[in-house]
There are 2 protein chains.
Amino acid sequence: MATGRTHRPATRSRGIPEATVARLPLYLRALTALSERSVPTVSSEELAAAAGVNSAKLRKDFSYLGSYGTRGVGYDVEYLVYQISRELGLTQDWPVVIVGIGNLGAALANYGGFASRGFRVAALIDADPAMAGKPVAGIPVQHTDDLEKIIKDNGVSIGVIATPAGAAQQVCDRLVAAGVTSILNFAPTVLSVPDGVDVRKVDLSIELQILAFHEQRKAGEETAAGDGALPAAAPRGAAAADSSADQGPDGDVPAVMPA
Amino acid sequence: MATGRTHRPATRSRGIPEATVARLPLYLRALTALSERSVPTVSSEELAAAAGVNSAKLRKDFSYLGSYGTRGVGYDVEYLVYQISRELGLTQDWPVVIVGIGNLGAALANYGGFASRGFRVAALIDADPAMAGKPVAGIPVQHTDDLEKIIKDNGVSIGVIATPAGAAQQVCDRLVAAGVTSILNFAPTVLSVPDGVDVRKVDLSIELQILAFHEQRKAGEETAAGDGALPAAAPRGAAAADSSADQGPDGDVPAVMPA
DNA sequence: CCATCTTTGTGCACGCGTTCACAAAGACAT
DNA sequence: ATGTCTTTGTGAACGCGTGCACAAAGATGG
């Protein structure tokens, strides 16, 4: 996975395993899609297929939340959406700040997935004075000097770090000192934080390296035993991948530094 | 972690556990930093601290690669850098294509971590004809129509998908059909691929939701048992930053779709 | 009301990953 | 050469996560 939890050795919330928590958003996404199609109920088998997991695992995951299913029928989609949302804390508003408005920071600011689940981008912060006041995704960028005030005024408890690696720890320290207790770190650095602060890491470079490892292994195996597992995949259709046009301003601080 | 592996139930390469493979890039980064500071050797304790892991775990991880340490001394930094690089397949050139040059795709194209490890951005691909020829990060964007030819001409085996969710599966199918066997997926969708193809997923929305879960738990605990670790949480309801902060225009396709 | 059928919820076993704790190995000083 | 000291490499125990397989529960039809 592209992400990895940091710290918190084996802390379990109220009996909900960490692995289950990590899958809840997946289920929630699949359920939301069903909800939009006005599907009333769904079986564990169907939902598991949509989420790409084993159906037994899904049932066990749900069993940690309670008995929300009906035997012989399945799960009520709307009800389950609500229960999972509540469990994940998405029924409340989570103001988020993004620090480091480079390419990646701008991409995150434009990310549509924020608003759709209780997250609200409360502020964009960058160390470059030239960026100050400049709107990104409709939100004016503020200077790092005001970081503490911004955090406190908005009651922010979740911070996103998209600065270069060299600045990440400093920014992290300031965020934590100002009251942030959850951090999503895109900078390729190991952040050290006090107990009680959660850090999750997203690291593109690591993901690619893991892929390269498996790729190399595949290339090596191809000489040895023929597993024959590689059928020529059928093209599903001449598709068009549309993309958004405008990209963030270039020439700024790179979103992420080399590993 | 922000990422999660897909498929591949318990496939182990040559005895190297998957969890270990996922940590090798972490060690490699720490070692590279040491190498740049001309540190000749490092103990498992020091390196573990730098990588943010347990020293016993680190030693066990290295033991899967072989006995590269010297008892009483530690590990030779340069030698270990080489061994890990070789194990991860980073001593060879990996041409990579990025499909979907929106905000996120552009950020990835500008990502410095590519070139520094055997990865080379061979091409940028987008479905928007208006993007064609336009240089991003010094590389001209090419149209989706030429996807298959680009893959084959460059011998690409690793593809990065940064398209909207709706286009991801189609793009994935075309990439796989053209010969790509490893995919890094940034679109919030479960991709289905044939056996033999590795998919890794990076999903910002999921990461935030997991953080929200823990954040909510922390807020809830503060009332109950005094763990002592939680300083008084800041009020969250305070005034919103800017009212005019409308999220990005929805007509503009976001780099990643809402979950 | 009873039989049947579907689907949930979970007890259980297994395997992976983590951590402890220590013996073996080598460096270094005398 | 011998003893001491440091640090590796790993055997073993433990805990978490996964998946099977099935009993319990409820819907549905007669």
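Throughout, protein chains are lettered first and strands after them, A, B, ... in sequence-line order, and every chain is numbered starting at 1.
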* To do: Give the nucleotide from the list C:dG9, D:dG11, C:dA27 with an atom nearest to the side chain of B:Thr70.
  => C:dA27

* Side-chain (B:Ser43) to main-chain (B:Glu46) donor-acceptor, under 3.5 angstrom -> yes

* **Polar side-chain contact B:Lys60-D:dG9 base: donor and acceptor under 3.5 Å** => no

* Asked: Taking everything shown except B:Gln92 itself, do over 12 heavy atoms lie less than 6.0 Å from its CD?
  -> yes

* Asked: Does B:Arg71 make a side-chain donor-acceptor contact with the base of D:dT7, cut-off 3.5 Å?
  -> no

* Has B:Ser44 got a side-chain N or O lying under 4.0 Å from the OP1 or OP2 atom of D:dT7? -> no

* Rounded to the Å, how far apart are B:Glu18 CD and D:dC16 P? -> 22 Å

* Residue from B:Tyr75, B:Tyr79, B:Phe62 passing ring pair (Phe, Tyr, Trp, His ring centres under 6.0 Å) with B:Tyr68 -> B:Tyr79

* Asked: Of the nucleotides C:dG17, C:dA21, D:dG17, which one has an atom closest to the side chain of B:Ala19?
  -> C:dG17

* To do: Go through D:dT7, C:dG9, D:dG9 for me and flag the one nearest to the B:Tyr75 side chain.
  => D:dG9

* To do: Grab the CD-C1' distance between B:Glu46 and D:dT7 for me, whole Å please.
  => 11 Å

* Asked: How many Å lie between CG on B:Leu58 and P on C:dT18, as a whole number?
  -> 12 Å

* Whole Å only: how far is the CG atom of A:Leu65 from the C1' atom of C:dT10? -> 15 Å

* Structure fact -> Separation of C:dG9 atom C1' from A:Leu80 atom CG, nearest Å, is 14 Å

* To do: Go through D:dA25, D:dG9, D:dA21 for me and flag the one nearest to the A:Ala56 side chain.
  => D:dA21

* For the side chain of B:Asn54, starting at C-beta, report the closest nucleotide among D:dA27, D:dA21, C:dT19. => C:dT19

* Structure fact -> Checking D:dT7, C:dT18, D:dC20 against the side chain of B:Lys57 (C-beta onward), the nearest is C:dT18

* Structure fact -> One should read off an interatomic distance between B:Leu90 CG and B:Tyr82 OH, to the nearest 0.5 angstrom, of 12.0 Å

* Asked: Does A:Arg59 have a side-chain nitrogen or oxygen under 4.0 Å from the phosphate oxygens OP1 or OP2 of D:dA24?
  -> no

* Asked: In terms of side-chain heavy atoms of A:Ser43, which of D:dG9, D:dT10, C:dT8 is nearest?
  -> C:dT8

* Structure fact -> Note: for B:Glu45 and A:Asp61 on DNA chain D, the residue whose nearest nucleotide lies more 5' is B:Glu45

* Asked: About how many Å separate CD1 of A:Ile183 and CD1 of A:Ile161, when rounded to the nearest 0.5 Å?
  -> 4.5 Å

* **d(CZ, B:Arg23; C1', C:dC16) in whole Å** => 11 Å

* **Whole-Å gap separating P (C:dT8) and CZ (A:Phe62)** => 10 Å

